[in-house]
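Indexing begins at 1, ligand by ligand and atom by atom, following the structure's order.
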Amino acid sequence: MEEVLITGGAGFIGSHFARRLLRAEDVARVTVLDALTYAGSVENLGEAMLSPKLTFVHGNIGDAQLVDRLAREHTAIVHFAAESHVDRSFRDTGNFLSTNVLGTCTLLEAARKASIRRFVHVSTDEVYGPLVAGQAAETDPIRPSVPYAASKAASDLVALSYFQTFGVPVCVTRSSNNYGPRQHPEKIIPLFITRLLKGHVLTLHGNGQHVRNWLHVEDNCQGIELVLRAGTPGEVYNIGGGTDLTSRDLTGILLRMFGTDWDCVRYIPDRAANDLRYALDWSKAAALGYCPERGLEDGLAETADWYRNNPDRWAPLLRIPAHAPQPIYHPV
Ligand code: NAD
């Protein structure tokens, strides 16, 4: 079927997606383009790096010459590369805009010139902003609260404008919060798991009542693959269906899993902005055949096992300062 360029494929979700596509018999070739920021590592691709179908390119989505060439060599692009951590976006907004908006724009321009068959832009439920009640549908207005969400919302709009203006066959996916093995330990679930493994304190923002929908990364990848194969150009698809939980309830599950009590939990002042609740209506993706399969407790147990068994993968990350370059992997 496709020769697929995956940007950000050495990051958390992108590497799960690359491994998944490599298993598909009708996918002839996968190229991962990744700048290997603090958030990316070729180790996330593991044994997939040995696949004759995979090429890894160390490079930046903002490098127009490079992405022009890569776009010409592929039939589809699935775009994960981004700055993805909300807390960092408070102190490094320019970098978020540069990567998430301008980088996406450079990639779209390459897709336009190369007449790419399908461009899947991977986005987030955070673009809808906080919901008091109900679930966000794809037709709802976007009201991002924090710089990360604003940068993703801007990139969604640029991507959709490339469909309207130039006919680039763009689909946008907006998923809820992902979790699973190999996520960077700056995100709450791996942060809490690694702290529990080390016997450290867990810190909860504000009153711990922020509600998120927790989706296993493989379920998100299932949805993204369906959109790649069968999505309608110009359309947005919400990908949710995980479990809605307050951060306090999520913490309670992890404490039970580790046989620990609430003595190790401290409450700290809330983020500068912290949306109270996200929730997604994902019926449009369901109509494509999307059906999340992973239960939260099993998914969390599997995730905790990965961190327990791979301390060499996450312990060094706890010591790397923001934006320190990763060791260079030479492109093939
Ligand atoms: P991540 O931070 O784990 O990975 C991002 C990857 O992009 C890294 O490998 C990094 O090296 C790479 N990258 C960053 N800037 C780059 C650039 N300029 N050029 C090339 N590569 C670059 O992120 P993730 O959690 O895997 O998220 C992937 C995508 O999914 C992002 O677009 C994010 O906004 C979106 N998303 C994430 C979640 C979530 O819960 N993690 C939820 C919804 C949507």
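Salt-bridge formation is detected for the pair Arg174/Asp156: a Lys NZ or Arg NE/NH1/NH2 atom is positioned less than 4.0 Å from an Asp or Glu carboxylate oxygen.
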Please report, to 0.1 Å, the donor-acceptor pairs under 3.5 Å made by any side chain of residues 129-144, with sequence neighbours excluded.
| from | atom 1 | to | atom 2 | distance (Å) |
| --- | --- | --- | --- | --- |
| Glu138 | OE2 | Asn238 | N | 2.8 |
| Asp140 | OD2 | Ala137 | N | 3.1 |

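Applying the side chain to side chain donor-acceptor pair (under 3.5 Å) definition to pairs two or more places apart or across chains, those involving residues 102-113 are Asp68-Lys113, His79-Thr104, Glu109-Arg112, Glu109-Tyr162. Screening residues 179-191 for salt bridge (charged side-chain N to carboxylate O under 4.0 Å, His left out) gives Arg88-Glu186 as the qualifying pairs, with residues at least two apart or on separate chains.
Although no hydrogens or angles enter the test, the distance criterion places no donor-acceptor pair under 3.5 Å between the side chain of Ser176 and the main chain of Leu215. With Arg212 contributing its side chain and Ala279 its backbone, the two residues share no donor-acceptor pair below 3.5 Å.
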List, for ligand 1, each N/O atom that has a protein N/O partner under 3.5 Å away, with both atom names and the distance.
| from | atom 1 | to | atom 2 | distance (Å) |
| --- | --- | --- | --- | --- |
| ligand 1 | 2 (O) | Ser84 | OG | 2.7 |
| ligand 1 | 3 (O) | Phe12 | N | 3.0 |
| ligand 1 | 9 (O) | Gly11 | N | 3.0 |
| ligand 1 | 9 (O) | Asp34 | OD1 | 3.2 |
| ligand 1 | 9 (O) | Asp34 | OD2 | 2.6 |
| ligand 1 | 11 (O) | Asp34 | OD1 | 2.6 |
| ligand 1 | 11 (O) | Leu36 | N | 3.4 |
| ligand 1 | 11 (O) | Thr37 | N | 3.0 |
| ligand 1 | 11 (O) | Thr37 | OG1 | 3.1 |
| ligand 1 | 18 (N) | Asn60 | OD1 | 2.9 |
| ligand 1 | 19 (N) | Ile61 | N | 3.0 |
| ligand 1 | 21 (N) | Ala35 | N | 3.0 |
| ligand 1 | 23 (O) | Ser84 | OG | 3.3 |
| ligand 1 | 26 (O) | Phe12 | N | 3.3 |
| ligand 1 | 26 (O) | Ile13 | N | 2.8 |
| ligand 1 | 32 (O) | Phe80 | O | 2.9 |
| ligand 1 | 32 (O) | Lys152 | NZ | 2.7 |
| ligand 1 | 34 (O) | Tyr148 | OH | 2.6 |
| ligand 1 | 34 (O) | Lys152 | NZ | 3.1 |
| ligand 1 | 40 (O) | Asn178 | N | 2.8 |

